[in-house]
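So that the names make sense, note that chain A is the first sequence line, chain B the second, and so on, each numbered from 1.
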Amino acid sequence: MKAIGIILAGGNSKRMKELTYKRAVPAMPMAGTYRAIDFVLTNMANSHVQKVAVLTQYNARSLNEHLSSSKWWDFGRKQGGLFVYHPTITPVNTDWYRGTIDAIYQNIHYLKESHEPYVVIANGDGIYKLNFNKVLDYHIQKRADITMVTTTLRDWEDSSRFGQVILDEDGKVIGFEEKPMVEATREVNCGIYIIRRRLLIELIESCVAEDRYDFVRDIIIRYRNLKSIYAYHLDAYWSNISSVTSYFKTNMDFLNADVRQAFFKDDDRTLTKVNDFPPAKYNPGSHVRNSLVASGSILNGTVEDSVIFKKSFIGSNCVIRNSIILNDVYIGDNTVIENCIVESHNTIYANSSYIGDPGNIRIVQESNKRYII
Amino acid sequence: MSMMKKEMIAMLLAGGQGSRLGVLTAHMAKPAVSFGGKYRIIDFPLSNCINSGVDTVGVMTQYQPLRLNTHIGIGIAWDLDRNRGGVTILSPYERQSNTDWYTGTANAIYQNIGYIDGFDPEYVLILGGDHIYKMDYELMLNFHKANHADITMAAMPVPIEEASRFGVLITDPSNGRILEFEEKPAHPRSNLASMGIYIFNWKVLREALIANKDVPSLDFGKHVIPYCHEKGDRVFCYEYNSYWKDVGTLSSYWEANMELIDLVPVFNLYEEYWQIYTNGSSMAPQYIAKDAHVDRCIIGEGCEIYGTVTNSVIGSEVIIEEGAVVNNSIIMDNTVIKAGARVEKAIIAEDCVIGRNCVLGDGEYRESTYNKKVYNSDLVTIGEKTVVPDNVSIGKNTALLGVTTPEDYPNGRLESGDAIIKAGEVE
């Protein structure tokens, strides 16, 4: 592909509550065996983008560990590759990334030293499948300066946390409301852009010269009448996980066969770092229904309508319902968990009970010591 | 070629067919056969190597090497992709004179003296590719060094009545030095069975290989070890007492898989300090449907289970449709068990399709009309890429290979003891 990639993975979100105490949103475990950033990395790899920069800032340890090798996404090569850029102190800069524009500006050498004509910019918390070549074809066909990917929000989603995009009949952006109090439209910005590399450098440098640092506010909104900005409508599964509700529902979406087919089975399936956990083990007394189970897990109890991540242990007589158990959780015998997200590496003692509400999912974070295993 | 000195390198003999696994090895060498819902047999010695600090492994292939070659690749899965050393596939090659297949275990090493010399090793570890075990070869090397041995042979106590199947070691109990060595004796005088795992001082082995290079089918147990022993080399026995399972027959292969299901398995894959690595392409979680029933199983990545699965080992990306019942069976990667099929005590290899409402493993045991030496249990054994049409029933002790059609089943039935082997378009 004639483009390089930039993944904005700085990500904290207050809407994720305690879940981002441990890691940035793009490093959130997803669908049993993945992390959120795998989905955009897979899209980059499957679109034959050969060179990708991941810009991180907030709580990046988990993300760095996940990206410690680029081979899983096929970026481990002599030409191109995967680059992770953190804010760094230089003779001329001592700032953290002051916004999305600043994150790109502080790494502008990456743009200047590349030769590809286009840049794909995407955030690290979207769950979707998209061939960026199609977006680029559209971009060229429309002679756009910037193309942004948009989609129609599903009914349950709260539009007030998205940028809402008003389009003319040709798909050109004529209005843009960033996270408005009153809903303007259900067509929202997915946070994926294609732009000419030289134009991006020019826009970034002129914004920074005016102390403007936010890509949406200072480029998309400010330039929308000056530059030709088009929307590529994504008519397929798309979800942004940056709220507890959305994170929970997005995981549960994988209980649908067509979602699993798209992300797990098709040839352009999602790629992730490979772990060498043994197959999941179902011991006598386990009753698992309508659930996803990842490898390395050992199950002895009842699990219904849930997602069990890697290397979990579910004790005898446990009942897990409508819940997400993140990786490496030990749950002692006779414990009941309903409508919860249990944080990773947790130890839940036997005979305990955690009950959330279907409309208000409870996050379980214990600091118990683990004596067993 | 610049010298890359390594203290010890491993040479892994993976060329054998494993003919007693029947249709399972029709298109792949035994070390490439799947095991435990995730692995291939060769993963165990390869993982043992890297876990023991042996980072240079020559894998000698000969019989049907394609699956083995693709599985090993450049060794990424085992961290054996190295700038210096790593894993190298060594197949027989043409030379100016005496071009030969690998005619015996030691002959295969003889033909690769050049590869070994390239690392100038002090020691060479000789391994087979057909056992399930976890072993720290470094401990064995320490034992070898402490005894100033020329050769150390790993051996394991076996029931005396089984000892005649092995090379048997008679040792000096005071120091473990081997006094006598008997290859498959009729009346064994010891129960210490050679595991086919040797550490040689490379100088000693190199000399022995060259001295015996013209012996037909040059073999470690039959020729090299006796030669060195008679010459007076210091040959020691390293006794090993943990899990070591031969999976060379269909029954032993089935049993070894089933042992993994036990509540606390004798061979525990869930231990963290000695992981077994493998090259798997699937990473997805498995889905257990609303009306599925899963009990006493291990299930691999990306499976979709809608039916009933009990007491079984299921590989990755397997689909078990609504109403299908799988019991006491091994199902390997990418196989589909269609709705309503009943599968009892079967080994079904990769990429198979078992038709709707089929019944497998039905009826009374009958002696094999196809190959008694290989097929002599209740097992239904189905080779890779086999298709079984809808609504047929298949008896016990049967074998299938290839795309079968209803015409292959008189009255919709394959009787116990019979086999259907379709000649494929490609051999």
**Asked** Between A:Thr347 and A:Arg370, do the side chains contain an N or O donor and an N or O acceptor separated by less than 3.5 Å?
**Response** yes
**Asked** Who among B:Ile76, B:Asp295, B:Ile299 has the most heavy-atom pairs with chain A under 4.5 Å?
**Response** B:Ile299
**Request:** With chain A as the partner chain, list the residues of residues 304-336 of chain B whose heavy atoms fall under 4.5 Å from it, by residue number, and write 'none' if nothing qualifies.
**Result:** B:Glu304, B:Tyr306, B:Glu317
**Item:** A:Thr302 and A:Arg321: CA distance, side-chain angles, deciding distance, side-chain hydrogen bond (donor to acceptor under 3.5 Å, both in side chains) verdict
**Value:** CA-CA 8 Å; A:Thr302 297; A:Arg321 278 202 189 97; over 6 Å; no
**Prompt:** Any sub-3.5 Å donor-acceptor pair from A:Asn346's side-chain atoms to A:Glu366's backbone N or O?
**Reply:** yes
**Asked** Taking the six-membered ring of B:Phe35, is the NZ or CZ of B:Arg40 close enough (under 6.0 Å from the centre) and on axis enough (within 45°)?
**Response** no
**Request:** Answer yes if the side chains of A:Asp266 and A:Gln261 hold a donor-acceptor pair under 3.5 Å, and no otherwise.
**Result:** yes
**Check: B:Ser34 and B:Tyr39 side chains under 4.5 Å, non-hydrogen atoms** = no
**Message:** Can you see whether A:Asn317 engages A:Asp333 through a side-chain donor-acceptor pair at a distance of less than 3.5 angstrom?
**Reply:** no
**Item:** Residues which pass salt bridge (charged side-chain N to carboxylate O under 4.0 Å, His left out) with A:Lys311, listed by chain and number, not counting sequence neighbours
**Value:** A:Asp328, B:Glu272
**Asked** Looking only at side chains, do A:Ser286 and B:Arg296 share a donor and an acceptor under 3.5 Å apart?
**Response** no
**Prompt:** When only heavy atoms count and the cut-off is under 4.5 Å, which of residues 256-269 of chain B reach chain A?
**Reply:** B:Leu260, B:Ile261, B:Asp262, B:Leu263, B:Pro265, B:Leu269
**Fill in**
Rounding to 0.5 Å, atoms CH2 (B:Trp78) and CD1 (B:Ile50) come to a distance of 11.0 Å
**Fill in**
One option among A:Pro284, A:Ala294, A:Ser297, A:Gly296 has the most heavy-atom pairs under 4.5 Å with chain B, and it is A:Pro284
**Request:** Assess the side chains of A:Asp38 and A:Thr272: does a donor N or O sit below 3.5 Å from an acceptor N or O?
**Result:** yes
**Prompt:** Using the benzene-type ring in the case of Trp, are the ring centres of A:Phe277 and B:Tyr270 under 6.0 Å apart?
**Reply:** no
**Residue among A:Ile308, A:Asp276, A:Asn300 with most heavy-atom pairs under 4.5 Å to chain B** = A:Asp276
**Request:** Answer with side chain, backbone, both or neither: which region of A:Ala31 has an atom nearer than 4.5 Å to a non-hydrogen atom of chain B?
**Result:** backbone
**Item:** Side chains of B:Tyr277 and B:Asp79, donor plus acceptor under 3.5 Å
**Value:** no
**Request:** Go through A:Gly285, A:Gly32, A:Ser295 and name the one with the most non-hydrogen pairs under 4.5 angstrom from chain B.
**Result:** A:Ser295
**Structural part of A:Leu299 lying under 4.5 Å from a heavy atom of chain B** = neither
**Message:** If I measure from the heavy atoms of chain B, does A:Asn275 come under 4.5 Å with its side chain, its backbone, both, or neither?
**Reply:** backbone
**Fill in**
Turns out that what part of A:Val274 lies under 4.5 Å from chain B's heavy atoms comes down to side chain
**Asked** Contact part of A:Tyr34 toward chain B, heavy-atom cut-off under 4.5 Å: side chain, backbone, both or neither?
**Response** side chain
**Message:** My understanding is that only residues two or more places apart in sequence, or in another chain, count here; which of them pass salt bridge (charged side-chain N to carboxylate O under 4.0 Å, His left out) with B:Asp291?
**Reply:** none
**Message:** Checking A:Lys281 against A:Asn283: is there a side-chain donor and acceptor pair closer than 3.5 Å?
**Reply:** yes
**Message:** Is B:Glu301 in contact with chain A via its backbone, its side chain, both, or neither, using a 4.5 Å heavy-atom distance?
**Reply:** side chain
**Asked** What part of A:Lys273 lies closer than 4.5 angstrom to a heavy atom of chain B: side chain, backbone, both or neither?
**Response** neither
